[in-house]
K.L.:
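Sharing a structure below in structure tokens format, with a few things to ask.
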Amino acid sequence: MKPSKNVVSFWSLALIASAIKEAFIKLNPFSLWKNPVIFVTEIGAFITTIEMIRSSESFSFTLQISLWLWFTVLFANFAEAIAESRGKAQAESLKKTRTVTMAKKLLQGKEVIVNASELKKGDLVVCVAGDTIPSDGEVVEGAATVDESAITGESAPVIRESGGDRSAVTGGTRVISDRIVIKITAESGNTFLDRMIEMVEGAKRQKTPNEIALTILLASLTFIFLLVVLTLVPFLKYSQAPVSIPILTSLTICLIPTTIGGLLSAIGIAGIDRLVQFNVIATSGRAVEASGDIDVLLLDKTGTITLGNRMATEFIAAPGIDHYRLVDAAQLASLADETPEGRSIVILAKEKYGLRGREVLDTRAKFIPFSAKTRMSGVDFFSADGSCCERRIRKGAMDAIEAYLKEMGASIPQSVKEIVEKVAKNGGTPLVVVEGKEVLGVIELKDIVKGGIRERFARLRKMGIRTIMITGDNPLTAAAIAAEAGVDDFMAQVTPEQKLNRIRQEQALGHLVAMAGDGTNDAPALAQADVGVAMNTGTQAAREAGNMVDLDSNPTKLIEIVEIGKQLLVTRGALTTFSIANDVAKYFAIIPAMLMSTFPEISPLNIMQLRTPESAILSAVIFNALIIILLIPIALKGVKLKTISAENLLIKNILIYGLGGVIAPFAGIKLIDQLLFFLHLV
Amino acid sequence: MRASDWIELALFISILAVLNKPLGIHIYRVLDTEGKTIFDAIFKPLENLTYKICSIDKSKEQNWIEYAIGLLLFNFVGMLLTYFVLRMQHVLPLNPEHIGPMAPHIAFNTAISFGTNTNWQSYIPEKEVSYFSQMVGLAFHNFTSAATGIALAAAFVRGIVRTEVKTIGNCWVDLTRITYYLLLPLSLVGALLLMSQGVPQNFHAYIRYLPLDSKAHEGACIIPQGPIASQEAIKLLGTNGGGFFNANSAHPYENPTPLSNFMEMLLIFLIPSALTYYFGLSCKKLRHGWSIWLTMVLLFLVLSLSCYWLEHAGNPFFKPYGIEQLTNMEGKETRFGIFESTLFAAVTTAASCGAVNSMHDSFLPLSGMIPLFNMSLGEIIFGGVGSGLYGMLLFVILSVFLFGLMIGRTPGYLGKRIGAYEIKMAVLALMIQYILILGMSSMAIYSSWGRAALGNNGPHGLTEILYAFTSTSQNNGSAFGGLSATSIPYAICLALAMYFGRFFVIIPVLAIAGSLVCQKRYISQMVFPTSGALFVFILGATIFLLGALSFFPVLTLGPILEHLMMARGKMF
């Protein structure tokens, strides 16, 4: 995974400064209550501050406690603010493109200048070179090159034309050449650009289902620990062990899951942000989360699994024919063939057999281009006297060549037919080469499977995700490519309806399906899939049906999207585990400290051998605050996700975040205790 | 530990393991309305007759709300009935000792106590309860409360196993079939086995005699009699725990021999253990069922063995006096000794039984903490019949959610999604228990009536109150001792703890079942492991961590502090 161009760094000074400011603004309890854990922390900080002012006892200690409790809240706010800041910066640059645009609206054939914000769905507008497209729409007339760098960050212009699968245009992009007529499909405020801004800015961020469930769990844990501390008061009174309010507050704040509570929303925002870095815009956080659950991927063959075009991979001479003669003839027949297949034949001949592309474009050669009627291409060489023909080379599919030979009273020998069949069985496309009546051999054209794709599918399989290849090829070819690419299943000669049905079938079996698509006929399937990634180059219908849009129009990205979704969930789980595991050490710091003065017998419980009760409690509170800051990078970047099996992933995370979460605070608290002592703070 | 102790422990666990499959299969058939069992010949006519009399349509299933209302009503009516039986026992038959009516607040407490499968006894049975009350008022509940627990577990399991339906079974059919095909036959066998060891079964009046050294005594001695064996079997089998005598299973009539002691421990764990097999069978993942069983066994072994070793170490207080190698035998029967006493204590508190064969109050502080900790974990190490399984499954759901995120998927359990609703209900069930234990015991210790009942002061007194409310809220029913909990406020507060601890918890439990049953099942290869060492570790760690984190502070003020002070020579 490599992030795309328009990345804003997290750790620029400007962003940090604005995040610090934001952290203070977020102290407002009316907005903070949405995060129950941090809200309780703020109340705790407030109570200790009051206590510090009210009571004259141990002022320095109470002052430090309340300061660190306020820091805890601020650190949590800062985490959220810094996660939001990058999105906000990106949204700012997007908003600039949304500045007032004027549109040439077509009214009864006449162009009327109106403000873009007044456009309604269904209006027709005209755009010529230099115009900014006023709103999302569909090209209904003409074709133009459009600069979409404002949203994709890609400077190379793209072609948009009426009809077909490249008809969608996005508001805010600029026409560079030609004239197009656009039918408006989105009203102002609801355009793609608007949604994109909302998404990166996190303005309309709604909690996702998992996040809600986790928030409930965290709020319940907070409630339970509040209960534990509050009910402890009568027990302490019975035991005649007076414990001050700041100490009880410290105990509460250390026990409630402040670490994950403070980082939870940052994790969510950063997850969406990571998608944006990959130039994928999700319509909701829900979709990002769902992508982690995907276990079936429907992938189009062309462009995703294979490189766009077939390539020549082998020349197979007919029995009794010199190999060199076949290669030579094949290259001659393809020299003027500008199709990718044709070029690949020339290149193969050159690279594998050392035949250089010759300048044979003398007047004696006449190239026969491929036509739908003959379904062949080739070359004729005139004799020196100008009569036809010294050599006459043709290449084409077997049935076409067979018909061609039949006219001349010849036929393809059985041996060549066998070669043809063998090539087809291996997933290749055979082209038969003939010179005159003589069959020279077969060129094997093959789909080239993208480098490394097999390994990626293997990785996906380890993650429990099945890949299904979709292709219009015949089953034989499809099977061969499927085997080569290492997909789990394939569908050959697929119609859009079949795609839709397959998705429904998989879902009925209890699977969650993701697919990528661009055409209008993909729209129903995109809508049905649990995660539908529409290509930005696709039609408006497709873009609206899916729940994500890939600005780079690269279907392979589905794999990254799934990984980002998973990473989001893993990060949440890991930090929750860490947060709860921390409590063990905090208990061993605070409980003996608060009872020490009444019951000196309790000292064996002070297993960390912290210096004084005050220092022990303060160290726990400081650790609790600092750990939030220390974990911000993990929250923003996400836990590293080595794609291994569920069980291994779980063991690894339990060891790092569970066991680590138990051990780390013992070391951390002890260290802070030493520091406090050396700095004479307690 | 002596070799014979190890052998006994190994035998105990192996017999449970061996009985799991046959009994689990039997329970599976009992809980299937159309299931065929080996007792059909005897009980089928009775079952059909019951349906006819009560006009139950056995083919009609209920959704979770109907199911909950059915169970709540049934138990409420039952408790009302018991209350009146206890209040009117003087006019009812089978009362050879002419025992008078029970005091209202004690009758209230007792009715709820038996109706909630707790069997906390704020009364002295041989003095205050007639044979009729024992057999009709109390034993009735020993059966129905056990059946209620198993029915709930079955409903919960159906919620997990079924897909895209609304109903989770018919509570009337479940109660009927569980009672006829499971509890009655097993109790009968249990009673006969206990009688073979000398447990009496009669309706005689109490025996009065003049002991040989009668000069030392004023008047005659009394040996109570009664239908003990029949009560005893269901007391253990249904994890009820309410003794026929005050001394409970320490009484030689209830538990005469080491062999009967062994049988009693087996009877306590028998059904809760087999229910894990039933669950594995129902969800077609036997390994999952066994893994849950193994988690229970491991937690049990850790806790019971530590209890033994702590108790065996004896009281360090005596060391300075040159008394070495003195185990702590206070409050124990010599025919059982340290091992069988501590093992029984661990069994009865791990399962929500509450029968005792030694006085937990007399254990050393830390070994006495273990029964308390067992209960506060939620009565899920085997636990009560049925309640142990559904309580454990709540923890499974919590741990699947907590750890499940770490495999990068929306947490799912056996293909069902664990979403906000399920989490809300699972933690609600947990919170109710914590509020009752911590809230009510802190209230009691705060109030003068609460402290007035204490038998000891200092940390030990704190433990007495905490134990009482833990035992009642978790429907265990064992008493720590020391606390005289017969006052009106205690009787009422403990009764409320029992009632809420049982019937408030079943609402969120059934709500989860009702939500899961509607879901379709997601199938993925990347699933959370539901069996094997990793699962056992995760489940055990979740249970232990949640329990420890919630109760560490108060346990520190109680048994832990008492232990540390004892080490410095201070005792309470």
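Chain letters run A, B, ... following the sequence lines, proteins first and then strands; every chain starts at 1.
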K.L.:
For B:Arg409 versus A:Leu569, what's the shortest heavy-atom pair and its separation?
P.N.:
C-CD1, 3.4 Å
K.L.:
Non-hydrogen atoms of chain B under 4.5 Å away: do they reach the side chain of A:Val229, the backbone, both or neither?
P.N.:
neither
K.L.:
Say you draw a straight line from CG of A:Leu650 to CE of B:Met406; how long is it, rounded to the nearest 0.5 Å?
P.N.:
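The distance works out to 5.5 Å.
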K.L.:
Please state whether the side chain, the backbone, both or neither of B:Leu454 comes within less than 4.5 Å of a heavy atom of chain A.
P.N.:
side chain
K.L.:
Between B:Gly439, B:Ser441, B:Gly404, which has the largest tally of heavy atom pairs under 4.5 Å with chain A?
P.N.:
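Top option by heavy-atom pairs under 4.5 Å: B:Ser441.
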K.L.:
Checking A:Leu217 against chain B: side chain, backbone, both or neither under 4.5 Å from a heavy atom?
P.N.:
both
K.L.:
Enumerate the ring-ring contact (aromatic ring centres under 6.0 Å, His included) contacts for residues 402-433 of chain B, please, sequence neighbours excluded, ordered by first and then second residue.
P.N.:
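Checked against ring-ring contact (aromatic ring centres under 6.0 Å, His included) - neighbours excluded - the pairs reaching residues 402-433 of chain B are B:His288-B:Tyr413.
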K.L.:
Taking atom CD1 of A:Ile602 and atom CE of B:Met565, what is their separation to the nearest 0.5 Å?
P.N.:
8.5 Å
K.L.:
Evaluate the criterion side chain to side chain contact (heavy atoms under 4.5 Å, CB included) for residue pair A:Thr571 and B:Leu405; output intermediate values, then yes/no.
P.N.:
CA-CA 8 Å; A:Thr571 308; B:Leu405 283 170; over 6 Å; no
K.L.:
Most heavy-atom pairs under 4.5 angstrom with chain B, which of A:Asn653, A:Val562, A:Thr215, A:Val584?
P.N.:
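With the most close heavy-atom pairs to chain B, the winner is A:Asn653.
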K.L.:
Flag the one option from B:Ala420, B:Gly461, B:Pro459 with the top tally of heavy-atom pairs under 4.5 Å to chain A.
P.N.:
B:Ala420
K.L.:
Below 4.5 Å, heavy-atom pairs only: which of B:Asn457, B:Leu462, B:Ile423 has the largest tally toward chain A?
P.N.:
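Max contact count across the listed options: B:Leu462.
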K.L.:
What pairs of donor and acceptor atoms, side-chain ones from residues 537-558 of chain B against any protein atom, are under 3.5 angstrom apart with sequence neighbours left out?
P.N.:
residue: B:Thr542; atom: OG1; partner: B:Ile538; partner atom: O; Å: 2.7
residue: B:Ser550; atom: OG; partner: B:Leu546; partner atom: O; Å: 2.7
residue: B:Thr556; atom: OG1; partner: B:Phe552; partner atom: O; Å: 2.5

K.L.:
More than 12 heavy atoms of other residues, nucleotides or ligands under 6.0 Å from CD of B:Glu164: is that the case?
P.N.:
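Yes - once you tally the heavy atoms of other residues, nucleotides and ligands closer than 6.0 Å, there are more than 12.
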K.L.:
So which of A:Val228, A:Val639, A:Leu230 has the largest heavy-atom pair count under 4.5 angstrom toward chain B?
P.N.:
A:Val228
K.L.:
Taking side chain as everything from C-beta outward and backbone as N, CA, C, O, which of these in A:Leu255 sits under 4.5 Å from a heavy atom of chain B? Side chain, backbone, both or neither.
P.N.:
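Contact with chain B: none, neither part.
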K.L.:
Of all heavy-atom pairs between A:Ser220 and B:Met431, which one has the smallest distance, and what is that distance?
P.N.:
CB-SD, 3.7 Å
K.L.:
Select, from A:Phe599, A:Phe223, A:Tyr657, A:Tyr587, the one with the greatest count of heavy-atom pairs under 4.5 Å involving chain B.
P.N.:
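Option with the greatest count: A:Tyr587.
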K.L.:
Tell me which of these, A:Leu568, A:Thr576, A:Leu236, has more heavy-atom pairs under 4.5 Å with chain B than the rest.
P.N.:
A:Leu236
K.L.:
Highest number of heavy-atom pairs under 4.5 Å with chain A: which of B:Ser524, B:Ser442, B:Gly532?
P.N.:
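Winner by heavy-atom pair count: B:Ser442.
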K.L.:
Can you tell me if CZ on A:Arg286 sees more than 12 non-hydrogen neighbours from other groups inside 6.0 Å?
P.N.:
no
K.L.:
Heavy atoms only: give me the nearest B:Leu438-A:Phe235 pair and the separation to one decimal.
P.N.:
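Between these two residues, the closest heavy atoms are O-CE1, 4.3 Å.
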K.L.:
Once rounded to the nearest 0.5 Å, what's the spacing between atom CG of A:Leu227 and atom CD1 of B:Ile435?
P.N.:
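If I round to the nearest 0.5 Å, the distance is 6.0 Å.
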K.L.:
Return the OH to NZ distance between B:Tyr446 and A:Lys237, rounded to the nearest 0.5 Å.
P.N.:
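Separation between the atoms: 5.0 Å.
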K.L.:
What's the shortest heavy-atom distance between A:Tyr238 and B:Gly458, and which atoms?
P.N.:
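Here A:Tyr238 and B:Gly458 meet closest at OH-O, 2.7 Å.
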K.L.:
Identify which of A:Ile224, A:Ile590, A:Ile212, A:Asp583 forms the greatest number of heavy-atom pairs closer than 4.5 Å to chain B.
P.N.:
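Most heavy-atom pairs within the cutoff with chain B belong to A:Ile224.
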K.L.:
Nearest 0.5 Å, what's the CG-CG distance between A:Leu221 and B:Leu430?
P.N.:
9.0 Å
K.L.:
Non-hydrogen atoms of chain A under 4.5 Å away: do they reach the side chain of B:Phe535, the backbone, both or neither?
P.N.:
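Contact with chain A: none, neither part.
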K.L.:
Identify the heavy atoms of A:Gly510 and B:Lys520 that sit nearest to each other, and give their distance.
P.N.:
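Minimum heavy-atom contact is CA-CE, 4.3 Å.
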K.L.:
Relative to chain B, which of A:Ile591, A:Val570, A:Asp293 shows the most heavy atom pairs under 4.5 Å?
P.N.:
A:Asp293
K.L.:
What part of A:Gln507 lies closer than 4.5 angstrom to a heavy atom of chain B: side chain, backbone, both or neither?
P.N.:
both
K.L.:
Should B:Leu534 and A:Ile651 be marked as a side chain to side chain contact (heavy atoms under 4.5 Å, CB included) after you check the CA-CA gap, both sets of side-chain angles, and the distance that decides it?
P.N.:
CA-CA 8 Å; B:Leu534 186 58; A:Ile651 292 174; 3.7 Å; yes
K.L.:
Please report the shortest heavy-atom distance between A:Ser603 and B:Arg568, naming the atom on each side.
P.N.:
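That closest heavy-atom pairing would be OG-NH2, 3.8 Å.
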K.L.:
Find the one option among B:Arg451, B:His563, B:Arg417 whose heavy-atom pairs under 4.5 Å with chain A are most numerous.
P.N.:
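Of the options given, most contacts go to B:Arg417.
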K.L.:
Given heavy-atom pairs under 4.5 angstrom as the criterion, report whether the side chain, backbone, both or neither of A:Leu214 touches chain B.
P.N.:
both
K.L.:
Output the distance between atom CD1 (B:Ile407) and atom NZ (A:Lys566), rounded to the nearest 0.5 Å.
P.N.:
7.0 Å
